[in-house]
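Just so you know, residue 1 is the first one in the sequence shown, and it goes up from there.
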Amino acid sequence: DPEVRDSGDREKMEKYRLPQGFYIPSVDTGSNAEQKGLLPGDVIQSLDGVTLTETDSFQNLLRGLPEDQSVRLVVCRGDHQFFLDITLDQ
């Protein structure tokens, strides 16, 4: 997904004590990710109850889902964890 890029840098995640999951270092201005409420520095911890433990698992899970499906993300932002319900699109 060109709108949300993952650095894949495990050392950086451990150094800064980021939670386990899909780390989002940047979000393109005006992108669907931004419109859905994701911010740089967010960590997506799960997608529809599936815990994300590998950098590419989030993208792999998204590829297997049909367009227009609603999913629930568990997102960690700083010290706060919250749900984000989104509908997938192209």
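- Taking the side chain as every heavy atom from C-beta outward, Val71 and Ile86 approach each other to under 4.5 Å.
- Transitive grouping of hydrophobic side chains (ILVMFWY, heavy atoms separated by less than 4.5 Å) keeps Leu39 and Tyr23 in distinct clusters.
- Here the straight-line distance linking atom CG of Asp42 with atom CG of Leu73 works out to 10.0 Å at 0.5 Å rounding.
- Heavy atoms only, all atoms of each residue included: Gln20 and Leu52 are closest at CG-O, 3.8 Å.
- Counting only heavy atoms from C-beta outward, the side chains of Glu67 and Leu88 never approach each other to under 4.5 Å.
- Inter-residue side-chain proximity for Arg77 and Leu84 is flagged as unmet; no heavy-atom pair is nearer than 4.5 Å.
- The two residues Cys76 and Gln45 have their closest heavy-atom pair at CB-OE1, 3.7 Å.
- A heavy-atom distance below 4.5 Å is found between the side chains of Val74 and Phe83.
- The two residues Glu34 and Val27 come nearest to each other via the heavy atoms N-CG1, 3.5 Å.
- The line from CD1 of Ile44 to OG1 of Thr51 is 13.0 Å long, rounded to the nearest 0.5 Å.
- Between Pro40 and Pro25, the closest heavy-atom pair is CB-O, 3.5 Å.
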- Message: Under the criterion side-chain hydrogen bond (donor to acceptor under 3.5 Å, both in side chains), I'd like the reasoning laid out for Thr87 against Ser70: C-alpha separation, chi angles, the key distance, then a yes or no.
- Response: CA-CA 4 Å; Thr87 300; Ser70 294; 3.3 Å; yes
